[in-house]
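The sequence lines fix the lettering, A, B, ..., with proteins before strands; numbering per chain opens at 1.
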Amino acid sequence: MPTANTEEENSKSELQKNHGGGGGFTRWAVVAVIFRLALIYFPGNLNLSSRPEVSTPLTSIRRLAEGYWLKQSSMSPYAGSMYHGSPLLLSVLGPLTVKSLVFVLADLISSILIRATGRKLQIAYRKSLKSLNLLNKSTDSGALSSGDIAALVYLWNPFTIVACVGLSTSPVENLFTILTLYGAATGLAPLAAFGWVMATHLSLYPAILIIPVILLLGYGPDAPPSKLFRSKEHGKVGDGKSSQEIIFSWRRVFHLLVWTSLWSVYVLVLCSISVKQHGSLQEMFQRTYGFILTVEDLSPNIGVLWYFFAEVFDFFRDFFLIVFHSNILFMILPLAIRLKHRPCFLAFVYIAISSMLKSYPSVGDSALYLGLLGLFLDELADMQFSFFLFCGYVGVSLLSPVMHNLWIWRGTGNANFYYATAMAYACFQIVLVVESVSSMLNHDRKLTKLSTSKLQK
Amino acid sequence: MAKVEKKEVAAATPPWKPKPRPIVRLGIVLISHSLLVSVVCCTAGIVALFLLPMLAKNTYISENALMPGSASSMLSNHDISEAERLAKDLTSLNSGAADAGIERRRVLAKYLSDLGVEVGYHKFQSHQNQFHPLHFFSSPDSGLSRENGSCSSYGINVVGIIRAPQADGKEAIVLVTPFNFRKNSSSEALSISIGYAVFSLLSRVSWLAKDIIWLVADSQYGEYASVASWLRDYHIPVFSASSSHNADSCFEGNNINLSREESPGRTEISSGFRRAGTMAAALVLKVTDVKGQLEDTLSVYAEASNGQMPNLDLINVVNYLAVHRQGLRVKVEKFLSVLTWEWIWVLGDTLNFIGKVAGSLNPEWKFGISTPDYVEGTATLASSLYRQALGIPTGPHGAFRDFQVDAITLEISPKVVYTNQGRRNEFILRSARLIEGVVRSVNNLLEKFHQSFFLYLLTSPAKFVSVGVYMIGFALLVAPLPLVAASLYVDANKPEPSSQDPKQKLQINFKPWKWLSAAKQVFTVHAWGVFVSLLPYFISQIPNSTPAAHSIIWFSLSTFGLLVLYLITKSPSKPQKGKWENLKSLTISAVFIGLLLMSVVNFATAQIGALVLVPACLLAQPLKLDIRTASLKTFLRIATNVFISFVAFPPAGFFILKGVNEGFGNMDVGEFWTWLESLWAWNSATYIYIGMVHLPCWVLCLQILLHSC
């Protein structure tokens with residue numbers, strides 16, 4: 001049984017490596033938490049919570065405080081068009097609005113979950129490579145596994161730090177999105193369902209993640225294209241017992257759906273209890289999802305929609321709202337078909353696209369998909385333009401506040417200056433998505449080529 | 001089996017190598033010829049900088065509503081005689097007496113309230129400008145501390161406000177005259193006369209649509225401080241009474257209780273803060289004595305903090321009225337030393353000649369410029385660039401720009417010190433009519449200044465270079481940076497020939513992105529730059545030490561920090577192929593981003609910085625490599641590299657410039673510290689640039705030069 005043996009060996013070395021890297025991870029994670037605490041308790045005012053890059057109308061802690069105050073004084077938290085978040089968030093975060101540590105905790109848990117997901121993905125990846133006889137043992141001696149790197153990228157990404165220190169609620173939203181992925185990757189349907197329901201409830205856009213979650217639960221974690229295994233079967237017809245056929249596990253998907261409906265009912269009941277005294281569920285939907293979908297608040301942010309809807313005639317507004325939102329929906333199906341064997345990567349692509357096209361984006365959303373990008377380091381090692389993208393992200397994220405200052409404070413620039421950086425940012429995001437998808441497909445092609453040439457021998 | 005064969009065919013003609021898109025192809029062509037492109041672009045950028053005086057356009061009044069000079073002046077001799085009476089009353093007070101300052105304020109307030117305008121005193125405490133690292137990043141109000149100081153540093157401004165009869169008090173125009181109440185100065189008295197003459201006229205006219213505020217700024221602690229604190233109190237009301245209470249207790253201690261003062265004139269003098277509407281524009285009026293002038297001149301100072309300029313229309317109006325109505329000679333600051341440079345004259349002659357030749361070929365091409373004009377323009381442009389690059393306001397008008405109010409300082413200097421009353425009156429009349437005309441124009445404005453340029457460089461009072469023109473030169477200068485970075489990156493990250501080895505090719509390699517280690521290095525050096533720029537905050541807290549000691553402590557701590565960083569991050573691994581290329585490529589990218597940012601914040605700094613950093617970065621190459629292949633070319637490169645890296649070191653560059661301008665005789669180590677202190681005290685972004693862009697990039701260039709490859 002050579003396969004079983006090597007598998008054991010491999011998992012052992014895997015564990016050792018993770019253990020070795022674990023020390024590094026823990027150390028860096030602790031430093032990251034201390035760094036955040038130092039910034040939060042910094043005596044001077046960094047004014048981060050009022051930056052348009054950090055806090056959107058949906059995630060601003062000041063709006064949450066306003067909503068909490070309204071609720072405390074027996075009014076609907078949605079009165080006055082200030083608060084647009086979930087009523088549950090109000091009950092949990094409301095009492096803790098000032099310098100709370102919830103966001104630091106959320107970031108930490110997110111990074112741990114990313115790390116666990118990464119480990120799952122890596123084990124699955126190596127397993128599938130090994131079953132294709134493609135794993136090169138001599139070269140895999142990186143200091144940290146991709147899961148560790150992804151977790152550290154998430155923790156140390158300036159975007160994440162700024163979102164956390166600026167007390168926007170996006171760390172919490174990100175936490176639930178990551179929880180969804182973790183639950184799905186480990187095959188825990190109830191957890192995945194809970195994460196998905198909460199993430200959708202908080203920020204609506206993660207709703208499209210239901211497709212990757214179903215795929216992830218059905219097929220298991222990312223693997224090379226399934227036909228590769230099939231062709232391998234063909235090649236080794238004589239060898240009766242080889243790796244199992246990949247089957248779609250309907251049972252887990254069914255579990256997921258059941259749990260999703262359960263959790264949704266639960267969340268809705270909690271919400272209705274929470275808003276019962278002063279409003280109704282209908283008002284809640286109008287003020288949260290309606291606010292997201294109709295792009296009511298046109299204050300500048302790093303997205304591309306505010307400027308457009310500030311300029312567009314009211315007459316065409318509905319039409320363009322449909323166009324912009326269906327942009328995201330149009331991309332779901334083709335991507336799902338093309339990347340169905342890599343559901344985690346599919347989730348990354350969905351998150352990146354929605355954070356680019358959502359109505360009120362902030363750097364917290366970018367932090368999420370940049371963190372997830374780290375999970376696929378092995379596959380994306382040949383990515384083109386990585387250097388260009390890195391410089392572009394650094395440049396734009398520095399230029400954008402300067403342009404904002406020029407427009408708002410100095411008065412020598414105008415809205416076009418700031419919007420130009422938003423467009424540049426969107427372009428970089430598009431390039432990132434396009435390049436990562438194409439290099440992932442290239443990676444699959446390379447695997448195909450390698451395995452066929454192996455078969456020739 | 002057929003399937004496998006198909007696969008093989010597919011593998012033989014790799015399907016994942018499609019023809020690159022046109023834009024990518026264009027990029028590849030540019031990148032592969034990066035040397036040629038960078039030489040051409042850099043040269044063109046520097047040439048374009050010297051062409052700027054030629055490309056300057058004549059100013060024009062862009063806002064139609066201004067209508068300068070369309071109304072005739074209403075200023076009469078009565079106003080002037082009244083103003084002269086005030087000036088006499090002010091100067092006749094004994095300057096030696098301890099309470100002369102209070103008495104002068106009282107006289108002034110009495111005159112103002114006799115005009116029937118609102119009068120108020122504004123008490124302020126002069127703040128020591130202190131370095132606070134957060135000032136750069138926070139909004140203007142948040143960093144201000146209103147701590148208690150000693151009572152001795154309080155000043156009192158006198159403020160008069162005319163309420164416009166035609167308007168609702170939503171807008172205002174501000175006149176500022178700095179005046180030291182403690183001292184007797186004939187020129188300051190003259191400026192008060194001019195101010196009062198205009199103000200007394202404006203208190204009677206019926207056409208006012210905006211309130212007029214006349215601020216007689218107490219200049220005993222500097223002109224800027226008093227205006228800035230008045231503006232701060234105007235825009236940022238204090239709701240807790242502690243600050244004003246503090247000031248009041250001080251004044252009571254000194255037996256100067258202004259609030260309970262008897263009202264001497266027609267209107268009440270209030271000690272509460274008086275406000276009018278938002279400010280449309282502000283004029284700071286000063287009179288100076290300059291010896292040896294041929295005629296009465298008007299100097300215009302416009303640079304505010306970080307190279308911000310007021311709207312060009314304001315300067316245009318002043319220039320138009322001064323030249324065409326009052327016959328004053330208008331000038332802006334210029335570097336007189338440039339006029340003595342031989343090569344500028346030669347360059348001017350050459351350009352003149354080229355312009356003439358071009359004009360003879362085609363009369364449509366009119367870009368010729370006479371040599372003296374060119375040299376004057378260059379001198380003015382150099383001064384304009386220098387002032388903007390320093391980021392320190394050139395007068396009290398700078399305080400207004402922080403609140404988005406367009407303001408300039410008008411410095412009028414008479415030909416001689418007038419002893420004859422008639423000549424003196426005529427001088428006052430002309431100056432006051434100028435101010436009246438400007439106020440009347442601004443009064444016509446329907447919106448705030450927005451039509452004309454905010455981003456420009458002046459080459460003479462009536463000529464300017466707009467952002468669209470000067471940016472071309474800058475863009476050409478920095479354009480090679482991304483190209484060279486890309487070409488270096490491509491060179492360094494070519495697939496190694498060994499990977500063509502079929503055995504390796506059959507395996508999946510887990511290799512990290514190569515440039516990440518270089519990125520780590522660049523990041524650490526920039527973090528060190530942040531550390532170095534924050535150090536003065538702590539060093540300046542050390543009591544009883546000289547600037548020289550400060551700078552030595554700073555220098556040694558910075559070097560120590562660099563050493564520690566170097567020891568921590570030193571990687572034990574052997575030098576890899578393409579390591580210094582990656583480092584250089586990252587460095588160039590960092591420089592590019594830094595210069596781009598700076599060009600938005602303060603163009604002049606970026607332009608001057610680019611002139612130094614771009615060649616330094618592009619030429620940097622490990623000395624070892626050059627020494628190994630000893631030839632004339634490499635020798636030249638070594639010499640240039642060593643020279644540039646010496647000049648680019650900020651203290652060295654500072655002392656060289658200083659030595660060239662003032663002689664190398666008396667050099668003090670502390671001067672550099674003093675200079676930088678002035679930069680951070682004024683919150684100049686140039687300081688940030690030097691600390692966080694220039695210095696780290698210089699260190700990185702040195703690292704590349706000394707790289708062991």
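Two rings, from Phe388(A) and Phe428(A), have their centers less than 6.0 Å apart.
Looking only at heavy-atom pairs under 4.5 Å with chain A, the residue among Gln308(B), His450(B), Arg401(B) that has the most is Gln308(B). By number of non-hydrogen pairs under 4.5 angstrom with chain A, the leading residue of Ala519(B), Ala590(B), Ser589(B) is Ser589(B).
If you check the side chains of Asn683(B) and Ser305(B), you find no donor sitting under 3.5 Å from an acceptor.
Two residues are said to be in side-chain contact when any heavy atoms from C-beta on lie closer than 4.5 Å; Pro300(A) and Trp407(A) meet this criterion. Using a 4.5 Å heavy-atom cutoff, the side chains of Arg410(A) and Gln404(B) are not in contact.
Residue Leu406(A) touches chain B through its side chain alone, counting heavy-atom pairs closer than 4.5 Å. Contact of Asn311(B) with chain A is not made at all, since no heavy-atom distance falls under 4.5 Å.
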